[in-house]
Amino acid sequence: MNAPHGPTGELALRDAVPEDALCLSVLAMQVFLDTYATAGIRPLIAREALSFTADSFRRFVEDRQARTVIAERDGQLIGFAQLRLAASHPLIPDASQAELLRPYVQRPFTGSGTGALLLHRVEAIAAESGAAVLWLTAWAHNGRALGFYARLGYRDHGLAWHTFEDESHENRVLARPLIGRIETS
């Protein structure tokens, strides 16, 4: 099995198609476990990881109020970002909003600029769709992600809880205005 161990070829961004669902599912499980299962695997974490099914990704890709942008190197999926259009959050000031979901980049490619390129692409898509603000929630204990968003101009708007099964985890609601930030590629 030939697997690159970091950036080698040219990065390509494209919109996901339903046939990408299997690879999106597996990459999501991998990044989720790398990020949230740092103390090992327990049943709750395992069930949450297994919720990233190919069918759920296929449905998301087919949803007209959503977009998934894929990052590939050498024809292989290394990251993706999902965008939900017209999704609002009560902690964000009144404006047309969109939500960034699962901005996931495979660990060997973190720090390569892939995450920033994916983020800029979904910001442009959200702005072109009429959103004035892009928001997301990030786990409060993911310092790497919080620092990344802060460097790119995202501001903390407060606390939100992510609950699965009977556990709740502290998240931060981050957002930035999109006006004047439309970048196309």
Side-chain angles (χ1 to χ4, degrees), residues 7 10-21 23-32 34-35 52 54 56-73 76-107 109-139 142 144-157 160 162 171-185:
E10 186 175 327
L11 180 70
L13 298 181
R14 67 174 175 82
D15 288 340
V17 295
E19 293 77 21
D20 294 315
C23 290
L24 287 165
S25 169
V26 172
L27 182 69
M29 286 182 210
Q30 181 184 41
V31 172
F32 175 84
D34 282 348
T35 304
F52 298 122
S56 68
F57 278 93
R58 188 173 297 104
R59 284 190 302 275
F60 195 93
V61 167
E62 293 171 343
D63 184 343
R64 291 177 181 230
Q65 288 299 308
R67 294 281 294 276
T68 301
V69 177
I70 284 180
E72 295 176 316
R73 268 196 205 282
Q76 298 183 67
L77 178 67
I78 64 166
F80 69 91
Q82 293 179 301
L83 177 68
R84 170 102 31 223
L85 301 170
S88 62
H89 194 286
L91 291 178
I92 306 302
D94 226 3
S96 175
Q97 302 173 25
E99 179 185 12
L100 174 65
L101 302 163
R102 292 188 201 102
Y104 282 1
V105 175
Q106 195 176 34
R107 185 180 300 265
F109 301 95
T110 58
S112 70
T114 302
L117 289 171
L118 282 165
L119 184 58
H120 292 317
R121 176 67 64 90
V122 297
E123 287 174 346
I125 293 167
E128 290 165 2
S129 298
V133 175
L134 182 63
W135 65 273
L136 65 120
T137 60
W139 183 39
N142 189 344
R144 184 176 47 102
L146 294 172
F148 169 77
Y149 292 115
R151 285 189 304 277
L152 293 173
Y154 283 77
R155 194 168 63 87
D156 190 320
H157 286 264
H162 176 73
N171 279 249
R172 303 307 303 173
V173 178
L174 309 175
R176 71 181 231 90
L178 298 174
I179 306 303
R181 299 284 307 183
I182 298 175
E183 298 175 30
T184 57
S185 38

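Keep in mind that this is a model prediction, so the values were computed, not measured.
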Testing the basics here: between Leu178 and Ala127, what is the closest heavy-atom pair and its distance to 0.1 Å?
CD1-N, 3.8 Å
Report yes or no: does Arg121 contribute a side-chain atom to a donor-acceptor pair with the main-chain N or O of Leu117 at less than 3.5 Å?
no
Show your working on side chain to side chain contact (heavy atoms under 4.5 Å, CB included) between Val69 and Leu83 and close with a plain yes or no.
CA-CA 8 Å; Val69 177; Leu83 177 68; over 6 Å; no
Where do Gly130 and Ser96 come nearest, in terms of heavy atoms and distance?
O-OG, 2.9 Å
Can you tell me how far CG of Leu136 sits from OH of Tyr149, rounded to the nearest 0.5 angstrom?
5.0 Å
Contact check, side chains of Val61 and Asp20, non-hydrogen atoms, under 4.5 Å
no
Assess the residue pair Phe57 and Phe80 against the criterion (ring-ring contact (aromatic ring centres under 6.0 Å, His included)); give the C-alpha distance rounded to whole Å, side-chain angles, the decisive distance to 0.1 Å, and a yes or no.
CA-CA 11 Å; Phe57 278 93; Phe80 69 91; 5.7 Å; yes
Return the minimal non-hydrogen interatomic distance between Leu24 and Ala16, and the atom names on each side.
CD1-CB, 4.2 Å
Minimum heavy-atom separation for Arg102 and Gln82, please, with both atom names.
NH1-OE1, 2.7 Å
Phe60/Leu101 under side chain to side chain contact (heavy atoms under 4.5 Å, CB included): CA gap, chis, key distance, verdict
CA-CA 11 Å; Phe60 195 93; Leu101 302 163; 3.7 Å; yes
Would you please test Tyr104 and Leu118 for side chain to side chain contact (heavy atoms under 4.5 Å, CB included) and show each step?
CA-CA 9 Å; Tyr104 282 1; Leu118 282 165; over 6 Å; no
Measure the CG-NE2 distance between Leu13 and His120 for me, rounded to the nearest 0.5 Å.
11.0 Å
With rounding to the nearest 0.5 angstrom, report the CG to CG distance, Leu27 to Asp34.
9.5 Å
Arg155: side chain to side chain donor-acceptor pair (under 3.5 Å) partners, not counting sequence neighbours
none
Can you spot which of Leu146, Leu152, Thr137 makes a side-chain contact (heavy atoms from CB on, under 4.5 Å) with Leu174?
Leu146
Mind checking the NE2-NE2 spacing from His89 to His157? Nearest 0.5 Å is all I need.
10.5 Å
Rounded to the nearest 0.5 Å, the OG1 atom of Thr35 sits from the CZ atom of Arg144 at a distance of 6.0 Å
From CG (Leu77) to CD (Gln106), nearest 0.5 Å
7.5 Å
Step by step, work out the side chain to side chain contact (heavy atoms under 4.5 Å, CB included) result for Tyr154 and Leu119.
CA-CA 11 Å; Tyr154 283 77; Leu119 184 58; 3.5 Å; yes
Could you tell me which non-hydrogen atom of Thr114 sits nearest to which non-hydrogen atom of Ser112, and how far apart they are?
OG1-OG, 2.8 Å
Looking only at heavy atoms, which two atoms of Gln97 and Ser88 are closest? And how far apart?
OE1-CA, 3.0 Å
